[in-house]
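Side-chain atoms are counted along with the backbone in the values below, which use heavy atoms only and exclude waters and symmetry mates.
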Amino acid sequence: MRAILLYLGWGWLFVVLQVSLFAFLPLGEARPDLLFFLILYLGVEFGTLGGAILVFFLGYVLDLVSSSFFGLNSLLALLFFFWVSWISHRVDSRDLPFWAVALAVFSVVEILFFWFWPWLLNPGAELPTGLFSALVLRTVGNLVFGLPIMKLLYLADNRRGKESVPQL
Amino acid sequence: MWKIWDFIKERRRLFGGIVLLAWAFSLFTAGETPRLSPGPLAKVLLALVSYPGRTITFTLQGLAGIGRNYFLLVGVEAENQKLKKNLLDLEAARFQCRETQSENTRLKTLLHYSLANTYTVIPAQVIGQSQNGGYLSLTLNQGQRAGLRPGLPVATSQGLVGRISEVGFQEAKVILLTDRNSAVPILMEKTRSQGIARGTGDGKLEIRYFSRLEDVGVGDLALTSGLEGIYPKGIRVGQIQDVRRKNYGLFQDIWAEPSVDFSRLEEVLVIFQEEPK
């Protein structure tokens with residue numbers, strides 16, 4: 001239970017920072033997705049149904065405060081969580097290269113979705129320009145901010161002694 | 001029935017995940033509706049995130065505003081200093097321009113004077129003036145390099161100033177007409193009678209050797225006579241100010257005011273009666 005409250009606290013902090021501090025900074029497309037760093041961490045460490053419910057809830061909160069398409073963050077968060085959880089059993093997922101690849105994949109999928117989803121809804125619409133720079137910037141932003149935050153999350157867990165999310 | 005339940009329980013992760021994904025997908029496909037009419041839970045969640053978020057945003061905006069204003073003020077201060085410096089430069093340039101204009105006018109007058117006379121002249125600027133008892137002198141900014149030598153007369157368009165007493169490489173000293181050591185042969189413009197104008201050391205001229213019989217009156221003009229070969233003939237020396245005829249003696253006591261106002265001298269002409277070397 002304490003673990004759930006702790007990660008809810010982290011999630012709340014990340015969402016608040018994402019909609020305030022990082023929305024204020026002039027980062028453009030390089031603005032990082034803080035909540036998804038926590039989701040990556042949860043996917044690696046707690047790939048359980050409890051973790052999935054937590055992730056869905058955090059995605060929903062993010063959808064409530066900021067989303068171009070309501071439900072997108074909940075859906076992406078869950079998909080990302082399951083993918084990380086599935087793959088983390090097959091590779092060494094507690095290391096920097098895995099985090100980097102996972103964050104890069106997430107960045108690309110997110111940008112591609114934002115780019116093409118409106119076009120899929122309305123096929124006659126023109127595609128916006130600047131896809132490549134958006135892909136690069138978002139990936140770089142997520143890597144620059146994500147890797148230290150992942151390290152920070154692990155350090156915080158090591159200090160308190162890890163307690164798993166309740167197994168369902 | 002129990003078998004189905006056991007089957008689901010064994011695969012609860014899978015089914016739980018499917019349910020969650022389906023829920024998320026239904027939210028996603030439902031569009032904007034939940035945002036427009038949030039339920040009580042959504043309202044609480046929104047408040048939990050939006051209040052601290054707003055506080056952080058306002059704080060950041062305030063800090064950014066302070067920073068912007070600070071840098072703006074720094075810019076204004078620098079601009080103010082620059083404008084002040086520009087103003088000073090312009091004032092200096094304006095002053096310089098006015099000085100040049102004034103100098104130009106004076107030099108034109110001098111040039112006209114020198115043309116009226118048929119002598120070769122060299123213009124010089126007064127760079128110093130000294131008064132030591134009754135001994136008055138000027139320092140000019142021209143010297144040997146310009147061909148100046150002791151004894152050369154110095155004048156302005158107003159009249160005679162004096163003569164050069166010492167010459168340096170690039171400066172020359174001039175003994176003024178009113179110096180006690182100065183004596184200039186003169187003639188009266190009206191009567192053409194001749195005498196000597198001596199400096200008194202107090203800014204006046206004493207006219208000597210005028211016979212009691214000569215008709216000299218206040219206001220008469222004294223010019224250089226050209227005798228002794230130092231001063232060219234016809235340069236104004238002064239104007240008679242006081243005449244005293246005694247009942248005894250050969251000569252009259254006459255005092256004159258110099259034609260030149262020595263306190264306002266800035267440029268003078270050094271006169272050569274032959275070509276300067």
Visitor: Mind listing the side-chain donor-acceptor pairs of residues 79-86 of chain A below 3.5 Å, one per line with the distance, residues two or more places apart or on another chain?
Guide:
none

Visitor: Considering residues, nucleotides and ligands other than A:Arg90, do more than 12 of their heavy atoms fall under 6.0 Å from its CZ?
Guide: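 It does: A:Arg90 CZ has more than 12 such atoms within range.
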
Visitor: Any side-chain heavy atom of B:Phe25 within less than 4.5 Å of one from A:Ser74?
Guide: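 B:Phe25 does not reach A:Ser74 side chain to side chain.
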
Visitor: At their closest point, which heavy atom of A:Tyr60 faces which heavy atom of B:Leu27, and how far apart are they?
Guide: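 Here A:Tyr60 and B:Leu27 meet closest at CD1-CD1, 3.7 Å.
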
Visitor: Measure B:Leu14 against the heavy atoms of chain A and call it side chain, backbone, both or neither at under 4.5 Å.
Guide: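 Contact with chain A: none, neither part.
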
Visitor: Roughly how far, to the nearest 0.5 Å, is CG of B:Leu20 from CG of A:Leu49?
Guide: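 A:Leu49 CG to B:Leu20 CG: 6.0 Å, rounded to 0.5 Å.
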
Visitor: Please state whether the side chain, the backbone, both or neither of A:Leu13 comes within less than 4.5 Å of a heavy atom of chain B.
Guide: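 It is neither, since no heavy atom gets under 4.5 Å.
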
Visitor: Counting distance only, does the side-chain N/O of B:Trp23 pair as donor-acceptor with the main-chain N or O of A:Phe56 below 3.5 Å?
Guide: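 Answer holds: no.
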
Visitor: Kindly check if the number of other-residue, nucleotide or ligand heavy atoms within 6.0 Å of CD (B:Gln81) is above 12?
Guide: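 Atom CD in B:Gln81 is crowded, with more than 12 foreign heavy atoms closer than 6.0 Å.
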
Visitor: Are A:Leu75 and B:Leu21 side-chain neighbours, meaning at least one heavy-atom pair lies under 4.5 Å?
Guide: yes

Visitor: Working note: B:Ile56 + A:Leu17, criterion side-chain contact (heavy atoms from CB on, under 4.5 Å); need CA distance, chi angles, decisive distance, verdict.
Guide: CA-CA 8 Å; B:Ile56 292 172; A:Leu17 288 178; 4.3 Å; yes

Visitor: Please tabulate, for side-chain N and O atoms in residues 18-39 of chain A, each donor-acceptor pair with protein atoms closer than 3.5 Å (sequence neighbours left out).
Guide:
from, atom 1, to, atom 2, distance (Å)
A:Gln18, OE1, A:Leu34, N, 2.9
A:Gln18, OE1, A:Leu35, N, 3.3
A:Ser20, OG, A:Val16, O, 2.5
A:Glu29, OE1, A:Arg138, NH2, 3.4
A:Asp33, OD2, A:Arg138, NH1, 3.4
A:Asp33, OD2, A:Asn142, ND2, 3.3

